[in-house]
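The structure presented is a predicted model; accordingly, all values stated were derived computationally and were not measured. Scope of the values below: all heavy atoms of this structure, side chains included, with no hydrogens, waters or symmetry mates.
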Amino acid sequence: SQMGGIYDIRSWSDIVTAHLISGPDIVDGLQSAWKSVGRQGGVLLLAQMSSRGNLLTEDYSQNVVDNGIQSDGVLGFIGNGSRPEEVKDLRRRVGEQKMIWTPGVNIDSQEGVLGQRYGNPSEAVRAGSDAIIVGSGIHRSADPLSAAREYASASWFALLER
């Protein structure tokens, strides 16, 4: 139902993020939704968060990794882009078999007004992130196209370096 409905996400989305708080059946449900419309997709499980005071414990994160590694429907994990040492630890636990995507990155690595924490995108990639997820660093820029190019370049060269 969540993948159908008014937005019919299953018909156009190739990747979705999910919390594993409700259990591993969420991945099966998402995969079933894609299958019902003749499509394939991948799930990114939320393993870490960059927001200050979040409630994801280390035990929870490890449980997410343990479950996600075993699932063909999981293409990777969401890591904490604001803390390269946490991304590095997540990469160690995940290995190279799944991707790590990181929000919480901003070339201007200041703390956000609502408790968001930002890290440098190049540092996140060098620590083990395969892809960065950028929001305000692009959409709040005076020149979003140039900002997007700057993020693409920074992450690409960091990936080559790694």
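Under the side-chain contact (heavy atoms from CB on, under 4.5 Å) criterion, Asn63 pairs with Asn67, not counting sequence neighbours. The salt bridge (Lys or Arg N to Asp or Glu O under 4.0 Å) test applied to Arg149 returns no partner, not counting sequence neighbours. Annotation: side-chain contact (heavy atoms from CB on, under 4.5 Å) contacts of Glu123 (sequence neighbours excluded): Pro84, Asn120, Arg126. Contacts of Ile21 classified as side-chain contact (heavy atoms from CB on, under 4.5 Å), with partners at least two apart in sequence or in another chain: His19, Tyr60.
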Leu90 and Val65: side-chain contact (heavy atoms from CB on, under 4.5 Å), yes or no, with the steps?
CA-CA 8 Å; Leu90 183 60; Val65 169; 3.6 Å; yes
Before you tell me yes or no, could you show the steps for Asp89 and Arg83 under salt bridge (Lys or Arg N to Asp or Glu O under 4.0 Å), namely the whole-Å CA-CA distance, both residues' side-chain angles and the distance that decides it to 0.1 Å?
CA-CA 10 Å; Asp89 181 57; Arg83 300 284 189 257; over 6 Å; no
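The shortest distance between side-chain heavy atoms of Val16 and Ser13 falls below 4.5 Å. At least one side-chain heavy atom of Arg10 sits less than 4.5 Å from a side-chain heavy atom of Ser36. The closest side-chain heavy-atom distance from Met99 to Phe77 is not below 4.5 Å. By the 4.5 Å heavy-atom criterion applied to side chains, Tyr151 and Asn106 are counted as neighbours. For the pair Leu44 and Ile15, the minimum side-chain heavy-atom distance is below 4.5 Å.
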Side-chain polar contacts of residues 22-29 - donor-acceptor pairs under 3.5 angstrom, sequence neighbours left out - could you list them?
none

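Gln62 and Asp66 form a side-chain donor-acceptor contact under 3.5 Å, judged by distance and modelled atom types alone. Between the side chains of Asn80 and Ser82, at least one donor-acceptor pair of N or O atoms lies under 3.5 Å.
Judged by distance alone, with hydrogens and angles left aside, the side-chain atoms of Arg162 form a donor-acceptor pair with the main-chain N or O of Val125 at under 3.5 Å. Checking side-chain atoms of Ser153 against main-chain N and O of Glu150 turns up no donor-acceptor pair under 3.5 Å. A donor-acceptor pair is defined here as one N or O able to donate and one able to accept, closer than 3.5 Å; no such pair exists between the side chain of Ser141 and the backbone of Gly137. A distance-only check finds a donor-acceptor pair linking the side chain of Gln48 to the backbone of Glu86 [under 3.5 Å]. Looking only at distances, a side-chain donor or acceptor of Trp12 sits under 3.5 Å from a matching main-chain atom of Tyr7. When atom types are taken as modelled, the side chain of Lys88 and the backbone of Gly128 share no donor-acceptor pair closer than 3.5 angstrom. In this structure a side-chain-to-backbone donor-acceptor pair under 3.5 Å is present from Gln31 to Gly41.
The CD1 atom of Ile78 sits 10.0 Å away from the CD1 atom of Ile100 when rounded to the nearest 0.5 Å. The line from CZ of Phe157 to OG of Ser122 is 10.5 Å long, rounded to the nearest 0.5 Å. Between the CD atom in Gln97 and the CD1 atom in Ile69 there is a gap of 5.0 Å [rounded to 0.5 Å]. Atom CE in Met3 sits 9.0 Å away from atom CG in Asp8 (nearest 0.5 Å). Here the straight-line distance linking atom CG of Leu56 with atom OG of Ser61 works out to 7.5 Å at 0.5 Å rounding.
Ala124 and Thr102 make their closest contact through CB-OG1, 3.9 Å (heavy atoms, listed as atom of the first residue, atom of the second, distance). The shortest heavy-atom contact between Leu30 and Ala18 is CD1-CB, 4.0 Å. What you find for Ile107 and Pro121 is that their closest heavy atoms are CG1-CG, 3.8 Å. The two residues Ser129 and Val87 have their closest heavy-atom pair at N-CG1, 3.6 Å.
Listed by first and then second residue, the salt bridge (charged side-chain N to carboxylate O under 4.0 Å, His left out) pairs involving residues 32-43 are Asp14-Arg39 (not counting sequence neighbours).
For Glu85, the CD atom counts as densely surrounded, since its 6.0 Å shell holds more than 12 non-hydrogen atoms of other residues, nucleotides or ligands. The environment of CG in Leu145 is crowded: more than 12 heavy-atom neighbours from other residues, nucleotides or ligands sit within 6.0 Å. The number of heavy-atom neighbours closer than 6.0 Å to CG of Asp72, taken from other residues, nucleotides and ligands shown, is 12 or below.
Leu45 and Leu55 fall into different hydrophobic clusters, where Ile, Leu, Val, Met, Phe, Trp and Tyr residues are linked whenever their side-chain heavy atoms come under 4.5 Å apart, directly or through other members. Leu20 and Trp101 fall within the same hydrophobic cluster, defined by Ile, Leu, Val, Met, Phe, Trp and Tyr side-chain heavy atoms under 4.5 Å apart, directly or through other members. Residues Ile132 and Leu75 fall into different hydrophobic clusters, defined by Ile, Leu, Val, Met, Phe, Trp and Tyr side chains chained together at heavy-atom separations under 4.5 Å.
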